[in-house]
Engineer: 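Submitted below is the structure of interest, expressed as structure tokens.
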Number of protein chains: 2
Amino acid sequence: MENEQIKQAGLKVTAPRVKILSILERSGKRHMSAEDVYKELLSQDEEIGLATVYRVLTQFEGAGLVCRRHFESGQSVFELNSGEHHDHLVCIKCGAVVEFLDPTIETRQKRIAAEHHFKIEDHSLVVYGLCPECQGKR
Amino acid sequence: MENEQIKQAGLKVTAPRVKILSILERSGKRHMSAEDVYKELLSQDEEIGLATVYRVLTQFEGAGLVCRRHFESGQSVFELNSGEHHDHLVCIKCGAVVEFLDPTIETRQKRIAAEHHFKIEDHSLVVYGLCPECQGKR
DNA sequence: GGACAAGATGCGAAAGATTTTCAGTTTTCC
DNA sequence: GGAAAACTGAAAATCTTTCGCATCTTGTCC
Ligand SMILES: [Mn+2]
Ligand SMILES: [Mn+2]
Ligand SMILES: [Zn+2]
Ligand SMILES: [Zn+2]
């Protein structure tokens, strides 16, 4: 359960951490902002401050439990770390997210970095568009 | 000159707009933040407020004169709109930027969006790493 | 089970980036 | 030149995220 993951991450097992991790796990809609998590906690009558949510998410990130993403919405969103890198397709209308991994793109990126003698550290690829459901509506 | 571009963009020709556009044009180091532009104005003894810089950059963006980028630094950076799409390679140490365009990647992105029935609108690809100069130093 | 130090928490204040407000100024057009 | 419309700087307001700190908890050791 959550307790084990938190312990293994080298963090003390506390109520806020267990709650937040479990919210991220249950959330079928992954990629939640700190505010989203906070609201979910409120709706569950949990007495956890927003600052704690940010603090815990940042600690989880440091521990490799979650990944922080920057979809240009002004706020960071978090998702459980699946262990495998992937990129995102994001609906600009409803926010739906589809994850993908394209070996060809990954390879080309490495080649491009090499061509410019850059030592690649990371990359962020986000494709924005309208999901199937949002295309019909205006 | 600048006046024409501003006029054609449907904006009134005012001193702040002309100044800011010319700074972006002269700036060999493209990709300036609003703050960068503001500092440059200060160094030229121009009496232009930071709010105006933000306002003008946003208007220029709306008019298609400049592009706003989000390199995960917390603040937006702007560059003149060259008219041609391109992606970026950014040095995480010194901030150097290299622009590139890879047809293969562009094509694959379109295919991926199509596979998921997304109507693609835009995308952002940024590769982070260490530039040649920054690799030696620790 | 209780004592303790290390580590966490909640809250309000503070920060950093960007936007809004507003009263005074400038540009455009006739 | 003059009026309407658009623009501007400065300050205040937002928004998101982080800090400071007094107050709790947890993990560990008798
Ligand atoms: Mn994801
Ligand atoms: Mn560029
Ligand atoms: Zn959608
Ligand atoms: Zn560098």
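What you see is a predicted model, and the numbers here were worked out from it, not measured in a lab.
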Engineer: Write out all pairs satisfying salt bridge (charged side-chain N to carboxylate O under 4.0 Å, His left out) with one or both partners inside residues 47-65 of chain B, taking only residues at least two apart or from two chains.
Structural biologist: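 Listed by first then second residue: Glu61(B)-Arg68(B).
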Engineer: Rounding to a whole Å, what distance do you find between Leu50(A):CG and dC19(D):C1'?
Structural biologist: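 To the nearest whole Å, that distance equals 13 Å.
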Engineer: Could you go through nucleotides 11-13 of chain D and list every protein N or O atom that sits under 3.5 Å from one of its N or O atoms, giving the distance for each pair?
Structural biologist:
none

Engineer: Does the Arg108(A) side chain pair with the main chain of Asp102(B), one donor and one acceptor, at a distance under 3.5 Å?
Structural biologist: no
Engineer: Please check if the side chain of Thr52(A) supplies one atom and the backbone of Ile48(A) the other of a donor-acceptor pair under 3.5 Å.
Structural biologist: no
Engineer: Does Gln75(A) have any side chain to side chain contact (heavy atoms under 4.5 Å, CB included) partners at least two apart in sequence or in another chain, and if so, which?
Structural biologist: Ser33(A), Glu35(A), Ser73(A)
Engineer: Taking only N/O atoms, report every protein-nucleotides 27-30 of chain D pair under 3.5 Å with atom names and distance.
Structural biologist:
unit_1: dG27(D); atom_1: OP1; unit_2: Val13(A); atom_2: N; d: 3.3

Engineer: Determine the contact category for Ile48(A): base if any of its heavy atoms lies under 4.0 Å from a base atom, sugar-phosphate if only primed atoms, P, OP1 or OP2 are that close, otherwise nothing.
Structural biologist: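 Contact class for Ile48(A): sugar-phosphate only.
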Engineer: Enter the inter-axis angle for the ends of the helix from dG1(C)-dC30(D) to dC30(C)-dG1(D) (five pairs per end, rounded to 10°).
Structural biologist: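 It comes to 30° between the two terminal axes.
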Engineer: Rounded to whole Å, please give me the gap between CG in Leu41(B) and P in dA10(D).
Structural biologist: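 These atoms are roughly 12 Å apart.
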Engineer: Residues from residues 15-25 of chain A sitting under 4.0 Å of DNA chain C, heavy atoms only?
Structural biologist: Pro16(A), Arg17(A)
Engineer: Is the shortest heavy-atom distance from the side chain of Glu106(B) to the side chain of Leu101(B) under 4.5 Å?
Structural biologist: yes
Engineer: Kindly write out the residues that satisfy salt bridge (charged side-chain N to carboxylate O under 4.0 Å, His left out) with Glu121(A), not counting sequence neighbours, or none if the list is empty.
Structural biologist: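 Glu121(A): salt bridge (charged side-chain N to carboxylate O under 4.0 Å, His left out) contacts with Lys119(A).
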Engineer: Within the 4.0 Å heavy-atom criterion, would you say Glu47(B) contacts the bases, only the backbone, or no part of the nucleic acid?
Structural biologist: sugar-phosphate
Engineer: Determine, using ring centers only, whether Phe71(B) and His88(B) are less than 6.0 Å apart.
Structural biologist: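 Yes, the ring centres sit under 6.0 Å apart.
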Engineer: Looking at residues at least two apart in the chain, or sitting in another chain, which of them share a salt bridge (charged side-chain N to carboxylate O under 4.0 Å, His left out) with Asp122(A)?
Structural biologist: none
Engineer: Can you give me the first and the last nucleotide of DNA chain C (5' to 3') that has an atom within less than 4.0 angstrom of a non-hydrogen atom in chain A?
Structural biologist: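 Here the contact window of chain A covers dA6(C) to dG12(C).
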Engineer: Before giving the answer on side-chain contact (heavy atoms from CB on, under 4.5 Å), spell out for Glu25(B) and Ser27(B) the whole-Å C-alpha distance, their side-chain angles and the decisive distance to 0.1 Å.
Structural biologist: CA-CA 6 Å; Glu25(B) 283 172 342; Ser27(B) 168; over 6 Å; no
Engineer: Please walk me through it: do Leu24(A) and Glu79(A) pass side-chain contact (heavy atoms from CB on, under 4.5 Å)?
Structural biologist: CA-CA 7 Å; Leu24(A) 288 175; Glu79(A) 66 172 319; over 6 Å; no
Engineer: Kindly give the heavy-atom pair with the smallest separation between Val66(B) and Leu57(B), and that separation in Å.
Structural biologist: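 Smallest interatomic distance, heavy atoms only, reads CG2-O, 3.8 Å.
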Engineer: Shortest non-hydrogen contact from Phe118(B) to Val90(A)?
Structural biologist: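 Residues Phe118(B) and Val90(A), closest heavy atoms: CE2-C, 3.8 Å.
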Engineer: With no hydrogens and no angle check, is any side-chain donor or acceptor of Tyr38(A) less than 3.5 Å from a backbone partner on Tyr54(A)?
Structural biologist: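 Flag not set: sc Tyr38(A) to bb Tyr54(A) has no pair under 3.5 Å.
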Engineer: In whole angstrom, what separates Tyr38(A)'s OH from dT17(D)'s P?
Structural biologist: 14 Å
Engineer: Side chain of Gln135(B), backbone of His117(A): donor and acceptor closer than 3.5 Å?
Structural biologist: yes
Engineer: Please identify each residue that fulfils salt bridge (charged side-chain N to carboxylate O under 4.0 Å, His left out) with Glu99(B), with sequence neighbours left out.
Structural biologist: Arg30(B)
Engineer: Could I get the full list of ring pair (Phe, Tyr, Trp, His ring centres under 6.0 Å) partners for His116(B), not counting sequence neighbours?
Structural biologist: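 So His116(B) forms no ring pair (Phe, Tyr, Trp, His ring centres under 6.0 Å) with any residue.
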Engineer: For the side chain of Asn81(B) and the backbone of Cys67(B), is there at least one donor-acceptor N/O pair under 3.5 Å apart?
Structural biologist: no
Engineer: Within residues 59-77 of chain A, find the residues that approach DNA chain D with a heavy atom at under 4.0 Å, and present them sorted by residue number.
Structural biologist: Gly74(A), Gln75(A), Ser76(A)
Engineer: Just by distance, do the side chain of Arg17(B) and the backbone of Lys12(B) share a donor-acceptor pair under 3.5 Å?
Structural biologist: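 Confirmed, Arg17(B) side chain pairs with Lys12(B) backbone.
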